[in-house]
Structure formats: C-alpha cells, structure tokens
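For reference, the structure is listed below as structure tokens.
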Amino acid sequence: MAAAAAPLLAKGRRVCKEGCPGCSLDQTNKTNAGVPYLNFFYVWVVCLCAALPIQSLFPYLYFMIRDLNIAKQEEDIGFYAGFVGAAYFLGRTTSAVPWGMFADKYGRKPCIMISILSVIVFNTLFGLSTTYWMAIITRGLLGLLCGILGPIKAYASEVCRKEHQALGISLVTSSRSIALIIGPAIGGFLARPAKKYPNLFLEESIFGRFPYFLPCLVISALAAAAGVACIWLPETLHMYHDEKMEAIDAMGAPVTDLNIEDGKAKQFGSDRMASTKSLLKNRQLMSAITLYCVFSLHDTAYLEIFSLWAVSSRKYHGLSLTSQDVGTVLAISGFGVLVYQLVIYPLLAKYVGLIKPFRFAAVLSILLLTTYPFMGNLYGVELKATITVACNILQNTAVIQEQRGVANGISVTLMSIFKAVAPAAGGILFSWAQKNITRLFLPGDHILFFILNMVSVIGLLLTFKPFFSMTSVMK
C-alpha cells in the first residue's frame, strides 16, 4: 500500500501526478521550449478587458456627476466624483486576499472567468446608472467580484517556462498600458453620443436617455469576447484530488510514504497555512508592495485630479477641455507608457537594474508635475511603467508558486486601499482647491499639485535603505 502512494516531492522537486492540470502543463512546457504565444495572448486579452472599466471612467466622470444632479454647486463636483472613483478600489480591497486564496485552492482559471463575468454584468449596469448611489454600488460590486489582478499575475508567471516568466509578467503590465490608451479613448469619444453624434444617436434612444451607457456597453462586449477566450485557458495550479496526496510542502521538504501513512499530511497543511501567514513577515515582499502602494496612490490620484482639472472651467484655473480632449490626452499618455515599457525600460533594467530607472523616473515626474499650474502637458509616462514592472517582478520573485496567489492578493489588497483613498482624497482636495483658487500665496491649484509631488517624494525615499529590501535574485 505504501508503495502505491508515490511521493509528490523528491529531493525538493515535484513528481508529476496524473490528472493534475499543473503537472500536465509542466509536461507540455518541458517538451515545448518555445514561447506559449496563444496562452500569452489569452492573458493579454483578459487583462485588457479587466482594466478597461477603470481607465475609461475618468474622461467623463466630471460630466456624469454633474448630470446626476448630486452636487449643489460646481465646486462640489470633484468631491462626489472622488467617491465614485474610490468605490471600485474599495470593493477590490475587501476581496483581493479571498480571491487569492480561492485561486490557490480551486485554480486560477475559475477566478479569471468569474472576474470577466462581473465586468460584463456590473460595468453594463454602471452605464445604466440613473442615480449617484446606483453608480457607487455598481462600481463597488465590480471591484468586489473582479478578483483577477492578483491571480493573473501568478498565472502569467506559471503558464510558461522560467525563461519566459519576465515576458509573461510584462504582458500583464503592457495590457494595462494598452488599456491606458483604449480606455480613455472609449470613454472620451463614446460618452454622451446623442450630443456628439446626433446623426447616429437620437435623444429618444437608449443612448440618449443613458448618455454614459455606450462606452460601458462596448467594454462589456469586449469582456464577453474575452470570456469566450477563457474557455481555452489551461489551468496552472497543481491540484491533487486524493486527500493523502494534497500534502505539498511549501518550503520544498520531501514527502515520504511513511508520513502519508501516519497521517502526517495534515501537518504539512498547517505548515502551509503558517507559511501563508508568514508572507506578511517577508520583508522583501512587503517592501516591494509598500513601494507599489505609494506610487499606486500617486498614479490614481493624478488620473482623478488631472481629469477633473482638465474639464473644469478657466475661472478655476482649469483647461475647459471636453471629454474627447481628455480622452485624447490620456490616450497619448498611455501610448507613451507603452512605448517606454516595451522599448526603453527593458534596456535600462538590463544594464542598470530595476531600481535606478525607478528613482530617475520619480525625480523627473516631480520636476514636470511642478509645472502643471502653469501648463497643461502630461507628465512622466516612464514613471508608471517603471514602477509597475519593477514591483511586479520583485513581488513574484520573493515567494514560491504555492504562495503567489495569496501574495499577489495581499499586494492587490494593500494597493487597492491606497487606490481607494486616492480618488476620494483627490476629489476632496480638488473641491477644496477650487474654493480657494484666489489665494495670493499658493492658490488652490498650486497646493493641489504640490501635495501630489510630496507623495512622489515619499515614494522616492522608500527606494533607499533601510526601507527597501531587494530579493537576492534581483541583486
């Protein structure tokens, strides 16, 4: 009987088990040394569709809040807009770790498919919002049920051979960079279509009665296509249906026939739970996550504040742009992120490492953002790409496969807390700035961008010791 129970690990390495999807994929990757282009394409499409609802909102958020008639005066629009932007991230904050645990237990694929379904349903309902609270609730539920961000990072590093893992992770970030181009364009050009394109859309049509439904409908349709593509996604998690065979040691210790027969598999399960709890004590992981959180706060607050500032009137020192103008500007910025990420950043990371470009981008963004009260240029496209790629690599190399779902869940939870605070705080700060725009010493708009710069300064300081701990594989 003991001979029949083949060990899962031998000399710290897994032995393939029949019926295990992770083992089956490992065997496929062993025989196929090439890049799994089809699987990578599915990852890219899924990530793109999950990111579009976040990025498409900003060009028309100001006008949507105005049309919902929740703000009593123009200066309060930013206040209410901030909470709509925060609702998605607040929902994601509460569910990211449970989704990571779900992905580590039941697989990455079910988590991905449920997340795509939530985009289809709740993004569509958001476009049909007729009240402020309906908009808040649908965005919150979208964030709560779209648990794709953590598991898809783990999935991208597991669906391929080790030499292709960096490419897999970069696909996640590059797809979100594409969303920075497509999302604002969709939101900016398709919102309020009956007013922009009266020859195509009548005021009496559904798109006239629900002026922000069309961009949401287009994104939901793309998500539906991605959901179909998910059918062909291979599962990457190692799952063993025999309870005695589920004792996989997270630290790579061998499992013998004897301890399986003695019922010691339960001890390995508790060891794994203890190892999961120890992730919070993993200094390399937590320092990378902290850095990511600070710049995520900066990035989200910037998108919120810039979008509100760009469409506000000249009397508040805004730019008086239309939603199409904001969509175009953000799309151009997103294109800059993509070019930098694909062409420039890999060379910098190869020759000078991950952290030096990180610091340079932070300093450059501080200098450029200082000019914002005086000119309307976008800033620092290299900052977002540098921080995102570097932190994702650092986070995923700090833990083993069995912990990546939860580790990325922790990362997404903490990052979502910061991203939830960012638009709410940004909206409140923007509303305050408009009410204090006539001050002689540092008018409201100057204070607004000064505070954004202080967040960058804090992030820059966190890249140095003793705050930052780089994984040994990255040194």
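Basis for what follows: all heavy atoms, side chains included, without hydrogens, waters or symmetry-related copies. When a residue number appears, it is its place in the shown sequence, counting from 1.
- How far OG1 of T124 is from CZ of F122: 10.5 Å, rounded to the nearest 0.5 Å.
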- Criterion side-chain contact (heavy atoms from CB on, under 4.5 Å) on I148 and C111, from CA distance to verdict: CA-CA 7 Å; I148 200 172; C111 179; 5.9 Å; no
- Task: Would you check, one step at a time, whether the test side-chain contact (heavy atoms from CB on, under 4.5 Å) holds for V421 with F418?
- Result: CA-CA 5 Å; V421 169; F418 280 72; 5.7 Å; no
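- A 4.5 Å side-chain heavy-atom check between E74 and Y62 finds at least one atom pair inside the cut-off.
- For E235, the side-chain hydrogen bond (donor to acceptor under 3.5 Å, both in side chains) criterion is met by no residue, not counting sequence neighbours.
- Two residues are said to be in side-chain contact when any heavy atoms from C-beta on lie closer than 4.5 Å; V159 and F40 meet this criterion.
- Here the OH atom belonging to Y155 is positioned 6.0 Å from the OG1 atom belonging to T236, to the nearest 0.5 angstrom.
- Ring geometry for F213 against F207 counts as parallel: the plane angle stays under 30°, on a 0 to 90° scale with 60° as the upper cut.
- The shortest distance between side-chain heavy atoms of N39 and L233 does not fall below 4.5 Å.
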- Task: Under the side-chain contact (heavy atoms from CB on, under 4.5 Å) rule, what do T328 and F189 come out as? Steps first, then yes or no, please.
- Result: CA-CA 9 Å; T328 300; F189 284 89; 3.3 Å; yes
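- Side-chain contact between L57 and F126: present, with at least one pair of heavy atoms (C-beta onward) separated by less than 4.5 Å.
- Taking each heavy atom of L142 and V119 in turn, the nearest pair found is CD1-CA, 3.6 Å.
- Rounded to the nearest 0.5 angstrom, L145 CG and I116 CD1 are separated by 13.0 Å.
- Between I114 and W99, the closest side-chain pair of non-hydrogen atoms falls below 4.5 Å.
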- May I have the step-by-step check of side-chain contact (heavy atoms from CB on, under 4.5 Å) for I178 and W44, ending in yes or no? CA-CA 10 Å; I178 292 291; W44 186 85; 3.6 Å; yes
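- The aromatic rings of F102 and Y106 sit tilted relative to each other, their planes meeting at an angle between 30° and 60°.
- T322 and D325 form a side-chain donor-acceptor contact under 3.5 Å, judged by distance and modelled atom types alone.
- Between S323 and K196, the side chains place a donor N or O and an acceptor N or O closer than 3.5 Å (distance only, hydrogens not considered).
- Within the model, atoms OH of Y60 and CG of D67 stand 12.0 Å from one another, a figure rounded to the nearest 0.5 Å.
- Residues I54 and R92 meet the side-chain proximity criterion, which asks for heavy atoms closer than 4.5 Å.
- In this structure the side chain of L308 never reaches within 4.5 angstrom of the side chain of F58, judged on heavy atoms.
- Aromatic ring orientation, Y80 versus Y132: perpendicular (interplanar angle above 60°, classes split at 30° and 60°).
- The shortest distance between side-chain heavy atoms of P193 and L200 does not fall below 4.5 Å.
- Distance check, rounded to the nearest 0.5 Å: CZ of R139 to CZ of F83 gives 15.5 Å.
- Checking side-chain atoms of S307 against main-chain N and O of E304 turns up no donor-acceptor pair under 3.5 Å.
- At least one donor-acceptor pair under 3.5 Å links the side chain of S95 to the backbone N or O of L144.
- The shortest heavy-atom contact between I152 and V46 is CD1-CG1, 4.5 Å.
- In Y197, the OH atom is crowded: over 12 heavy atoms of neighbouring residues, nucleotides or ligands sit closer than 6.0 Å.
- To the nearest 0.5 angstrom, N123 atom CG is 9.0 Å from L52 atom CG.
- At least one donor-acceptor pair closer than 3.5 Å links the side chain of S175 to the backbone N or O of L171.
- Take Y88 and apply the side-chain hydrogen bond (donor to acceptor under 3.5 Å, both in side chains) test, not counting sequence neighbours, and it matches no residue.
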